[in-house]
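Okay, so here's the structure we're looking at.
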Amino acid sequence: MKEPLAKAYEPKSFEEKWYAYWNDNGLFGAKVSPGQPKFSLVIPPPNVTGSLHIGHALDETIQDILVRYARMQGLKTLWVPGADHASIATHAKIEEMLANEGTSRWELGREKFMERAWEWKDKYGHIINDQIKALGASCDWTRERFTMDEGCSKAVTEVFVRLFEKGLIYKGNYMVNFCPGCHTVISDIEVEHEEEQGSLWYVRYPLEDSDQYIEVATTRPETIVGDSGVAVSPKDHRYKGMTGKYAILPIVGRRLPIIQDDHVDPAFGTGAVKVTPAHDPDDFEMGRAHNLEFVSVIDTHGKMTAAAGKYQGMDRYECRKAILKDLEEQGYLVKTEAYKHAVGHCHRCDSTVEPLISEQWYVKMKPLAEPALRVVREGEVTFVPERFTKVYLNWMENVHDWCISRQLWWGHRIPAYYCQECGQMTVSREAPAKCPHCGGQVKQDEDVLDTWFSSGLWPFSTLGWPKTTPDLNYFFPTDVLVTGYDIIFFWVARMIFLSLEFTGRSPFHHVVIHGMVRDALGRKMSKSLGNGIDPLDVVAEYGADALRLSLTTGTAMGNDMRLYDEKVEGARNFCNKLWNATRYMLLNLEGWEIPAKPVEPRSASGRWILSRLERTVEAVREALDRFEPGDAIGFITDFIWNEFCDWYIEISKLDLAESDLADEAKAVLWTVLRESLAMLHPFAPFVTEELWEHLPGRPDGPKGSLIVTQYPQAHAHKIDQEAEDEIEALIEATKAIRNMRAEVNIPTGKKARAIIAADDPSRWERRLPYIQR
RNA sequence: GGGGAGUUGGCUCAGGCGGUUAGAGCGCGUGCCUCACAUGCACGAGGUCUGGGGUUCGAGUCCCUAACUCCCCACCA
């Protein structure tokens, strides 16, 4: 036997030891074993330069529970860890660092910037791994990957080239969402719309050769200098006479054709709209349909261009003020109304997104979406909880082409090369030495790919694709993907259609969606609010198991949850309870030999607790099989605390004193505790392993480790309804006695005596009604 | 403008298929260091299950409706 257990649960004293033990002995590893059942999943790769936040802790905990449960069922279990280069997010961090140094990416240049970025990655990249380990996540670190490592980068190029060759990637000049803060184009889903209090300005444009005006309303007066038309609804008879005529743009003097278009709502504003084809998505379409001029007046930095004339060089908001002033002075501004409207902001830096025209790369979505819809509709991929299926389908049905180029440097550079001589473009896996058309010098496209392009390949790129590796053959498709509902579109959807296109299979069978972790008041945790909980602080104070338990207890998959100290404390207390239950057992089992045969108790108490254990095991397995660890842990704690500790242990004190029951009681204590530890292990791996080590009968060496022990089987014990009824009646009776003597207080030892005193249930059945009254 | 989730004791949440006195944890009150555990034990107070209507012998539990909260999606200037 090992050293005696400390009096209280002290997680610090053993957590690191156990993680190292598991990892060093290869217990997280998975061997390719063709023909044998497996369980595999890939970690949602955290940002390489990030640090662990509470959301990761929840995500890793759920995964680790499923992984450990699978492993304990004897499945060949692989959990692939790794990190995401997180193009745009990392950029923001590095640029912030550069700004603090008084420089910028532009000053540094691409090459130097990349050096700094890799330095940064090497310096901070391991931090998050250490944090993940502190949580107990049993990933196979020998298979760790990075989205920008050689293999993943090869996969990215391969995918790009094949999509291009198939005509599913194209380059085009369209209206895009440009973030002046990050200085890159972003995709539709990276734009967050927020209601803002703005103004609606009414401006009159003089009609050509007339003293009349046409009045328009706008929320963005700075774009006036880019106007190339005025549109009215074809149904709007107020403007019938004006259609086909021209208005004169104030300040600029440009002639603006007055056109009819269905985009215009006659009920809004004045019913007449200024058309700025280069800076508004609607106007862009109208401009195309009516052959209007495209005048770009705002550049990628949010500054006015030369086309803005006298406003050139001004910031867009500065320009707004200037133009309003000028309009007012010249008598064109009719009125200003307060107006609430949705404004697009950058998901990353919160800058107001600028719609502008720019040449970018796109993935054609229609052909890819079709199979991605089919596999979900047909149930090849299922969402847990089910309601997210609809969210996914609805999005995929209406998906737009995916803008994948970014004007950033940290990331996978687009494998397109332009000839400096003939101007022709070549897309290829390897950089061509010369232009294949004319032999001229080539230059690679400056842009990198959207970070989700590479993470979209994660489930198969990490297993070796495009090579056909044994890992890929055996572990792919993966079984489950665990992630938050916030990245269903960003990531889950992309993985599904890319995997279908390139492997012909769904990347996983089940998508388990969890909610967000909120603070005690239900608020989102954020830096600005300063209400974030650092998971490592929690681990340091209460232990990793307490954190894991508090993150999984009492929440259903997909629902947001609140985390606060009292909750973690409760979980810690539970660990302590278990700890002391084990101490109690060890104290009483000194010198006891494990019987050759499983115990078959004669006492009602023994039959009762084994029956309850059996029911718990069944319920727990069932909950885990439907990916609801929250339910499972509820059943386990209820069993351990309220049945095993509160009642069975108390009863056992008496049984142990009876010579004919003592042996049986010991065996029951041992059996129940043993299975409880095993049952709890996926949820609280450290404390269970530590206690397991002290259990009689634990074989030495890694094979005796709880992590690789079999999970409690269903149907291992008898359901004994008779014993359950009997003991439950006794419990009721005991409670009744306590009720009668509330003021007296029956101490723990006597609690058990009370049960014994009530050992004739029939007698109590007769008495109960009177006692209860 | 479309979806989705929710509204159960002071707080956080459970309550398949409708059925006897609606559960738990925390908090609160009272009494206890009882030979596993005060990170504990015992006892107790506390709920018109958001409002309205309906189905039913019977509804937190099913249907309709209203209100409020939260979230997602959406190119209306």
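Just so you know, these numbers come straight off a predicted model, no measurement behind them. Values below: every heavy atom of this structure, side chains too, minus hydrogens, waters and symmetry copies. Numbers restart at 1 for each chain; the letters A, B, ... are given by sequence-line order, proteins then strands.
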Touch check for A/V264, heavy atoms < 4.0 angstrom, all strands: base, sugar-phosphate only, or nothing? base
Looking at every strand, decide which applies to A/F284 at a 4.0 Å heavy-atom threshold: base, sugar-phosphate, or nothing. nothing
Close N/O contacts between protein and nucleotides 67-75 of chain B (under 3.5 Å):
from	atom 1	to	atom 2	distance (Å)
B/C75	O2	A/D282	OD1	2.3
B/C75	O2	A/D282	OD2	3.1

With a 4.0 Å cut-off, would you call A/R204 and A/E215 a salt bridge? no
Separation of B/U39 C1' from A/E566 CD (nearest whole Å): 14 Å
Whole-Å gap separating P (B/G27) and CG (A/N573): 9 Å
Of the options A/E397, A/K390, A/M396, which is the one that meets A/L393 in a side chain to side chain contact (heavy atoms under 4.5 Å, CB included)? A/E397
Can you find an N or O donor on one side and an acceptor on the other, under 3.5 Å apart, linking the side chain of A/R572 with the base of B/U39? yes
Look at the side chain of A/Y564 and decide which nucleotide, out of B/A42, B/C76, B/U12, has an atom nearest to it. B/U12
So, is A/R387 near the phosphate of B/A5, with a side-chain N or O under 4.0 Å from OP1 or OP2? no
Answer with base, sugar-phosphate or nothing: what part of the nucleic acid does A/K7 contact at a heavy-atom distance below 4.0 Å? sugar-phosphate
Check whether A/R548 reaches the backbone of A/A544 with its side chain - one donor and one acceptor, N or O, closer than 3.5 Å. no
Identify the nucleotide, in any strand shown, that forms a Watson-Crick or G-U wobble pair with B/C41, with both distances under 3.5 Å; if there is none, say none. B/G31
Specify the glycosidic conformation (syn or anti) of B/G18, with syn defined as within 90° of 0. anti
Between atom CZ in A/R220 and atom C1' in B/C76, what is the gap in whole Å? 15 Å
Please state how far atom CH2 in A/W641 lies from atom P in B/U39, giving the value in whole angstrom units. 11 Å
Pick the closest RNA chain B nucleotide for A/F574 and for A/G570 by heavy atoms, then say which residue is nearer the 5' end. A/G570
Which part of the nucleic acid, if any, lies within contact of A/I649, taking any heavy atom under 4.0 Å across all strands shown: a base, the sugar-phosphate backbone alone, or nothing? base
Respond yes when some side-chain nitrogen or oxygen of A/K390 is under 4.0 Å from OP1 or OP2 of B/G3, and no when none is. no
Do the side-chain N and O atoms of A/E192 and A/H345 include a donor-acceptor pair separated by under 3.5 angstrom? no
Does A/K567 have a side-chain nitrogen or oxygen under 4.0 Å from the phosphate oxygens OP1 or OP2 of B/A24? no
Euclidean distance, atom OH of residue A/Y9 to atom P of B/G40 [Å, nearest integer]: 13 Å
Parallel, tilted or perpendicular: which one describes the rings of A/Y362 and A/Y174, with boundaries at 30° and 60°? perpendicular
Between the side chains of A/D560 and A/Y485, does any donor sit under 3.5 Å from an acceptor? yes
Quick one: A/L549 CG to B/G25 P, roughly how many Å, whole number? 16 Å
Nucleotide nearest A/D265 (side chain, heavy atoms from C-beta), chosen from B/C76, B/C13, B/A36: B/C76
Neighbour count >12 (heavy atoms, 6.0 Å) for atom CD, A/E590: no
Write down the distance between CD (A/E628) and P (B/A14), rounded to a whole number of angstrom. 11 Å
Over all strands shown, is A/Y339 touching base, sugar-phosphate only, or nothing at heavy-atom distances under 4.0 angstrom? sugar-phosphate
Output every pair passing salt bridge (charged side-chain N to carboxylate O under 4.0 Å, His left out) with a member in residues 573-586 of chain A, not counting sequence neighbours, ordered by first then second residue. none
If I take atom CD in residue A/E590 and atom C1' in nucleotide B/C35, what distance separates them, rounded to the nearest angstrom? 15 Å
